[in-house]
Number of protein chains: 2
Amino acid sequence: MKRTLETIEYKENTEALAKFAKALAHPTRIAILKHLESQSCCFTGDLVDVFPLAQSTVSQHLKELKNAGLIQGELKSPKIKYCINQENWNIAKSLFQNFFD
Amino acid sequence: MKRTLETIEYKENTEALAKFAKALAHPTRIAILKHLESQSCCFTGDLVDVFPLAQSTVSQHLKELKNAGLIQGELKSPKIKYCINQENWNIAKSLFQNFFD
DNA sequence: ATCTCTTATCGTAAAGATACGATTGATTTT
DNA sequence: AAAATCAATCGTATCTTTACGATAAGAGAT
């Protein structure tokens, strides 16, 4: 992407909100989060069974959700248990709430 | 993007939510919407003055917001007045609300 | 030590997103 | 009719995203 020379300065929460929105900007990631909400937690393999996607693709989506802070993984060898990160989830929730009035 | 052969079937609201999230997935578009909320309405030119971006770039962001249904334009020659599309705004609002419990 | 199971990461290809300048199109003013 | 104004669209370049298969990495079991 050809970037403008000057870096744009956005208000405090604008970038945070955009970052969360970006994490939610794919139906598979929405579905993963819905699944985690209903199950409270689950393993990567469970998701690979649910979606007709390659294991590597699911793993990549999980990585993005993790980078956005919306989920966290815990090693339960040999599996990894993923859960919602409640703290950041609540932050995202209030950011969206405030945004929509 | 190398697409999978079978089209994934998501639940009713999953794609709609992802579509709205995608529209919000850029700080400039968040800022535009915030501006429209505070001003109730504004012209393209106003936004070009606010952001250090080319006129064509701002226009492109407006187009995406319009395609997502979050805003609508009205010709007030020779300008175009953009406003929030309240109906769809409320739909987006409730989708996010439900999603975050 | 080797094998198995599970998941992350690497390499890669195709499509999409983001930015710009230049041009076009529509309307209003001169 | 010509000029000016405003915003959309076109053409283009670059970066990012999304997908896959293949490989690596970690822990537990044999």
Side-chain angles (χ1 to χ4, degrees), chain A residues 1-10 14-15 18-32 35-36 41-68 71-83, chain B residues 1-8 10 14-15 18-32 35-36 41-68 70-83:
Chain A
M1 163 180 42
K2 202 195 292 174
R3 287 289 298 120
T4 185
L5 287 167
E6 61 184 302
T7 307
I8 302 179
E9 282 294 327
Y10 296 99
T14 300
E15 304 217 46
K19 191 181 156 200
F20 282 126
K22 201 170 182 179
L24 302 179
H26 195 286
T28 296
R29 290 196 291 273
I30 299 273
I32 287 173
H35 203 257
L36 285 177
C41 285
C42 76
F43 301 102
T44 308
D46 301 343
L47 298 167
V48 175
D49 294 339
V50 172
F51 300 103
L53 292 169
Q55 178 265 322
S56 57
T57 304
V58 172
S59 201
Q60 213 169 330
H61 281 304
L62 288 170
K63 189 182 179 183
E64 285 194 54
L65 291 172
K66 206 165 54 183
N67 286 343
I71 65 171
Q72 59 196 359
E74 187 191 351
L75 184 61
K76 294 272 185 179
S77 216
K79 301 184 178 183
I80 294 177
K81 192 178 71 172
Y82 279 105
C83 307
Chain B
M1 162 178 48
K2 201 193 292 173
R3 287 290 298 121
T4 185
L5 287 167
E6 59 184 303
T7 307
I8 301 179
Y10 296 100
T14 300
E15 304 216 47
K19 191 180 157 201
F20 282 126
K22 200 171 184 179
L24 302 178
H26 195 287
T28 296
R29 290 196 291 271
I30 299 274
I32 287 174
H35 202 259
L36 285 178
C41 284
C42 76
F43 301 102
T44 307
D46 302 344
L47 297 167
V48 175
D49 295 339
V50 171
F51 300 103
L53 292 168
Q55 178 265 321
S56 57
T57 303
V58 172
S59 200
Q60 213 168 331
H61 281 304
L62 288 170
K63 189 182 178 184
E64 286 195 52
L65 290 172
K66 207 165 51 180
N67 286 342
L70 290 171
I71 66 171
Q72 58 198 359
E74 187 190 351
L75 184 61
K76 293 275 186 180
S77 217
K79 302 184 179 183
I80 294 178
K81 192 177 72 170
Y82 279 105
C83 306

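Lettering follows sequence order; numbering is per chain, from 1.
- Mapping Lys79(B) and Thr57(B) onto DNA chain D via the closest heavy atom, the residue that lands nearer the 5' end is Lys79(B).
- With hydrogens and angles left out, the side chain of Ser56(A) and the base of dG21(D) share a donor-acceptor pair within 3.5 Å.
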Please assess Ile8(B) against Leu53(A) for the test side-chain contact (heavy atoms from CB on, under 4.5 Å), listing each intermediate value before the final yes or no. CA-CA 9 Å; Ile8(B) 301 179; Leu53(A) 292 169; 3.8 Å; yes
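- Residue Ser59(B) is in base contact, counting any heavy-atom pair closer than 4.0 Å across all strands shown.
- For Asn67(A) and dT18(D), the CG to P distance is 13 Å, given to the nearest whole Å.
- When rounded to the nearest whole Å, the span between NZ of Lys19(A) and P of dT17(D) equals 12 Å.
- The interatomic distance linking Ile32(A) (CD1) with dA19(D) (P) rounds to 10 Å, in whole Å.
- When distances are taken from the side chain of Leu75(B) to each of dA19(C), dT27(C), dC20(D), the shortest belongs to dT27(C).
- Contact of Gln55(A) with dA8(C) (side chain to base): a donor-acceptor pair of N or O atoms is detected under 3.5 Å.
- Side-chain contact between Leu24(A) and Leu24(B) is absent, with no heavy atoms from C-beta onward closer than 4.5 Å.
- Thr44(A) comes within contact range of the sugar-phosphate backbone alone, with a heavy-atom separation under 4.0 Å but no base atom that close.
- The distance between atom CD of Glu74(B) and atom C1' of dA26(C), rounded to the nearest whole Å, is 16 Å.
- Backbone-only engagement by Lys22(A) is indicated by non-hydrogen atom pairs under 4.0 Å involving sugar-phosphate atoms exclusively.
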For Leu36(B) and Cys83(B): C-alpha separation, side-chain torsions, deciding distance, then whether side-chain contact (heavy atoms from CB on, under 4.5 Å) applies. CA-CA 6 Å; Leu36(B) 285 178; Cys83(B) 306; 5.9 Å; no
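- For Arg29(B) and dG16(C), the CZ to C1' distance is 12 Å, given to the nearest whole Å.
- Atom SG of residue Cys41(B) and atom CD1 of residue Ile80(B) lie 13.0 Å apart, to the nearest 0.5 angstrom.
- Spacing between atom CG of Leu53(A) and atom P of dT7(C) amounts to 15 Å, rounded to whole angstrom units.
- The nearest whole Å value for the distance from the CD1 atom in Ile80(B) to the P atom in dT27(C) is 10 Å.
- When side chains are defined from C-beta on, Leu47(A) counts as touching Leu62(A), because their heavy atoms get closer than 4.5 Å.
- Going from atom NZ of Lys66(A) over to atom P of dT7(C) covers 12 Å, rounded to whole Å.
- The side chain of Ala54(A) lies closest to dC20(D) when the candidates are dA27(D), dC20(D), dC20(C).
- With distances taken from any side-chain atom of Tyr82(B) to the nucleotides dT7(C), dA8(D), dA8(C), the minimum falls on dA8(D).
- When the side-chain nitrogen and oxygen atoms of His61(A) are compared with OP1 and OP2 of dT17(D), none of them lie within a distance under 4.0 Å.
- Gln60(A) comes within 4.0 angstrom of a nucleotide base, judged by non-hydrogen atoms across all strands.
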